[in-house]
Asks: 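The structure follows.
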Protein chains: 2
Amino acid sequence: MQLDTIDLRQLRVFLTVADCRGFSPAQAELNISVSTISTQMSDLETRLGLRLCQRGRSGFSLTEDGERIYKAAQTLFRQIDGFNNEVYDLRQELSGKLSLGFADNLVTHPTSPITQALDKLFSLEGEIEILLNVLSPNLLERELLDQRLDIIIGAFPRHLQGINYQPLFDERQSLYCGSRHPLFTKNEKELASIDLKEFRIAQRGYTAGRPHPSNLKAASSGAISYHMEGLVYLVLSGHFLAHLPDHYAKKWVTSGEIKELCPHSQSYISTFEIASRAGTHPSPVQRAFLKALLSN
Amino acid sequence: MQLDTIDLRQLRVFLTVADCRGFSPAQAELNISVSTISTQMSDLETRLGLRLCQRGRSGFSLTEDGERIYKAAQTLFRQIDGFNNEVYDLRQELSGKLSLGFADNLVTHPTSPITQALDKLFSLEGEIEILLNVLSPNLLERELLDQRLDIIIGAFPRHLQGINYQPLFDERQSLYCGSRHPLFTKNEKELASIDLKEFRIAQRGYTAGRPHPSNLKAASSGAISYHMEGLVYLVLSGHFLAHLPDHYAKKWVTSGEIKELCPHSQSYISTFEIASRAGTHPSPVQRAFLKALLSN
DNA sequence: AGGTTACTTTGGGAAAAATCAAACTATGCA
DNA sequence: TGCATAGTTTGATTTTTCCCAAAGTAACCT
């Protein structure tokens, strides 16, 4: 039971099995017979001295240990990718893996340079493999620091140590109101004399502890959604107000289902930034993507 | 030339060869014939697409690429140790590697709990492998942050983000003067009327930019030594004053070669701390060592 | 020139590993 | 009870890896 000679192949088999949630489904993915998978798995389990998953006719599930090993193995492979990136760098080749993380609902942004940057990147010579994730801002930062992501794009009101931020583009967010809401029919004059704090506000879930960029602070407890889409449901219900990116809200505005409240006092601009780990040498692919993004 | 299937054994061969500075010397270390080493090395070089070292009758040296790969491979193996530590943790076994870093000249400290803590650690059940380094404080912190060390002990006047510090013990440092120095023969009263700033002070090299813990600030440019031992040379020369830990200076004081100046005004206490990375889960061995140290 | 050192190349053998088919087991479901 | 599903075990085969000895090469040394 020598752990120094980790068998990377067996770990990879395990990861695939865990992803496919079973031996039989993993068979196709791995291109090996189910008996081989079985042998490899039990061999790995013996080496590690841990049972990694529960399998059989009763269904497939990772054990608690399995979950931890799954994460640790993923980290390990990411670190191996890091080694390979170093090699590609020395070879002056534009190859390697790049893990990107974006805040959600950036695709609809009209002036976002992301699509063009990806286009530029793939037009370059080299074997580039992209892993794309869409996560909430605080998760983005955590995953970046944990080396699970290489480059992230989002709005990061609070800058963390160990991360380099560079402004990329702006997004206007405004306060929206659904057609069933009592304020929907009020005109601008009427609204000016109304205290918006009296109404329930729906907010993004990950803004915990941060002051809201607008000067609006809801008095009554509102609602929280971890996804932009959830906010829209809440606004459409007619019971909540919420800040939404203008480009994102546009389609419901056009259809008359929601409208913007107090454009002058309640709108704000949030700056989207591109961020990468400080301290570590970026791989050639990382450098190329950053360059493509910022040269617009 | 598939890089995804890194051959860890070949990387290990390379590391040993680099450490031994040659194929033939590595033969004994690796317990394989020189022909095997040669094959492995050229195979690795082909895979990586890089020449790693210059060898032959003309002597051995790593190429520039080789240096980089050497470092990257070391990092990779450290990360693999991290994976193994996770496994040991899950198995609830007290096994794994522990990289310690100490400030220099701690061995002579009379009340340092390090020796006992190591004793305790090795008295426990489990396969523990220790890597011990003695470095300057700022290097200690850097290596800790770079994951090359797990636990460090030293005096860290400036606390860095991302590191957890806990006080461990105190050390009294005083200003010392060599027997050839003009101040050596002065008594306490005479010294009280003398401005010490007029004399040249030798300082530790890594204190760059930090205010000296004593209130003494040398006017004339002094001398810098990166090692405690160097300070002693400078003091013994009779041209410099320097702060030294009392326990360290003791033997020269006893032999009459140096003496303490102004014990009341020029001494200060520096606190030695134990520090570990914040954020990451400590391995069982790390936890055991910390516990052994702090339970004294 | 000839010896020595330090590595490379070649060829081959032994051990380890990866793989599969087929038979087997265990469990849920009808 | 019996069928179907999901994985295990076994034994054999193929493939890969690992390694060495011996002969070869290249550079330095005297």
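Worth knowing before you read on, the calculation uses all heavy atoms, side chains too, and leaves out hydrogens, waters and symmetry mates. None of these values were measured; they are calculated from a predicted model. Throughout, a chain's letter reflects where its sequence line sits, starting with A, and its residues are numbered from 1.
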Asks: Answer with base, sugar-phosphate or nothing: what part of the nucleic acid does A:Gly22 contact at a heavy-atom distance below 4.0 Å?
Replies: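 The residue A:Gly22 makes sugar-phosphate contact but no base contact.
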
Asks: In whole Å, what is the span from the CZ atom of B:Phe23 to the P atom of D:dA27?
Replies: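 So the two atoms are 16 Å apart, to the nearest Å.
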
Asks: Check whether any side-chain N or O of B:Ser24 sits under 4.0 Å from OP1 or OP2 of C:dC7, and answer yes or no.
Replies: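 Yes, B:Ser24 has a side-chain N/O under 4.0 Å of OP1/OP2 on C:dC7.
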
Asks: Just the rounded figure in Å: distance from P of D:dA21 to CD1 of B:Ile37.
Replies: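 Answer to the nearest Å: 13 Å.
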
Asks: Report yes if at least one side-chain N or O of A:Arg9 is closer than 4.0 Å to OP1 or OP2 of C:dA18; otherwise report no.
Replies: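 It does, given that an N or O in the side chain of A:Arg9 lies less than 4.0 Å from OP1 or OP2 of C:dA18.
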
Asks: State whether A:Arg55 places a side-chain N or O below 4.0 Å from either non-bridging phosphate oxygen (OP1 or OP2) of C:dT27.
Replies: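 Negative; the distance criterion is not met.
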
Asks: Counting just side-chain N and O atoms, does A:Thr36 come under 4.0 Å of either OP1 or OP2 of C:dT19?
Replies: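 Checking C:dT19 against A:Thr36, no side-chain N or O comes under 4.0 Å of OP1 or OP2.
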
Asks: Write down the distance between CD (B:Gln54) and C1' (D:dA26), rounded to a whole number of angstrom.
Replies: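 One finds 12 Å between C1' of D:dA26 and CD of B:Gln54, rounded.
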
Asks: Quickly work out the A:Gln27 CD to C:dA18 P distance and round it to whole Å.
Replies: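 Answer to the nearest Å: 18 Å.
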
Asks: Check the phosphate of D:dC19 against B:Gln40, side-chain N and O only, distance under 4.0 Å to OP1 or OP2. Yes or no?
Replies: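 Checking D:dC19 against B:Gln40, a side-chain N or O does come within under 4.0 Å of OP1 or OP2.
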
Asks: Want to settle it: does B:Phe60 or A:Ile32 sit nearer the 5' end of DNA chain C, counting the closest nucleotide to each?
Replies: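 On the 5' side of the pair lies B:Phe60.
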
Asks: Determine yes or no for a side-chain-to-main-chain donor-acceptor pair under 3.5 angstrom, with A:Thr16 supplying the side chain and A:Arg12 the backbone.
Replies: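 Yes: the side chain of A:Thr16 pairs with the backbone of A:Arg12.
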
Asks: Would B:Thr36 and B:Ser33 count as having a side-chain donor-acceptor pair, cut-off 3.5 Å?
Replies: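 There is such a pair (donor and acceptor under 3.5 Å, judged by atom type) between the side chains of B:Thr36 and B:Ser33.
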
Asks: Roughly how many Å is it from CZ in B:Arg12 to P in D:dC18, rounded to a whole number?
Replies: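 Between P of D:dC18 and CZ of B:Arg12: 12 Å.
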
Asks: Can you say whether a donor on the side chain of A:Ser58 sits under 3.5 Å from an acceptor on the base of C:dA26, or the other way round?
Replies: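 No, the side chain and the base share no sub-3.5 Å donor-acceptor pair.
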
Asks: In whole angstrom, what separates A:Asp7's CG from D:dT16's C1'?
Replies: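 Result: 13 Å.
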
Asks: Report the residue (A:Gln10 or A:Ser35) whose heavy-atom-nearest nucleotide on DNA chain C is the more 5′ of the two.
Replies: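 Nearest-nucleotide comparison on DNA chain C picks A:Gln10.
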
Asks: Would you kindly say whether B:Gln10 and B:Asp43 are connected by a side-chain donor-acceptor distance under 3.5 Å?
Replies: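 Result is yes, a qualifying pair exists.
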
Asks: Using distance alone, with no hydrogens and no angle criterion, decide if B:Asp65 and B:Thr63 have a side-chain donor and acceptor under 3.5 Å apart.
Replies: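 The answer is no; no qualifying pair exists.
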
Asks: Distance check needed: D:dC18 C1' versus B:Asn31 CG, whole Å only.
Replies: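 About 14 Å, once rounded to whole Å.
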
Asks: What I want to check is whether the side chains of B:Ser295 and B:Lys120 have a donor and an acceptor closer together than 3.5 Å.
Replies: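 Checked: B:Ser295/B:Lys120 side chains pair up, N/O donor to acceptor below 3.5 Å.
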
Asks: Between C:dT27 atom P and A:Arg57 atom CZ, what is the distance in whole Å?
Replies: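 Roughly 12 Å, once rounded to whole Å.
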
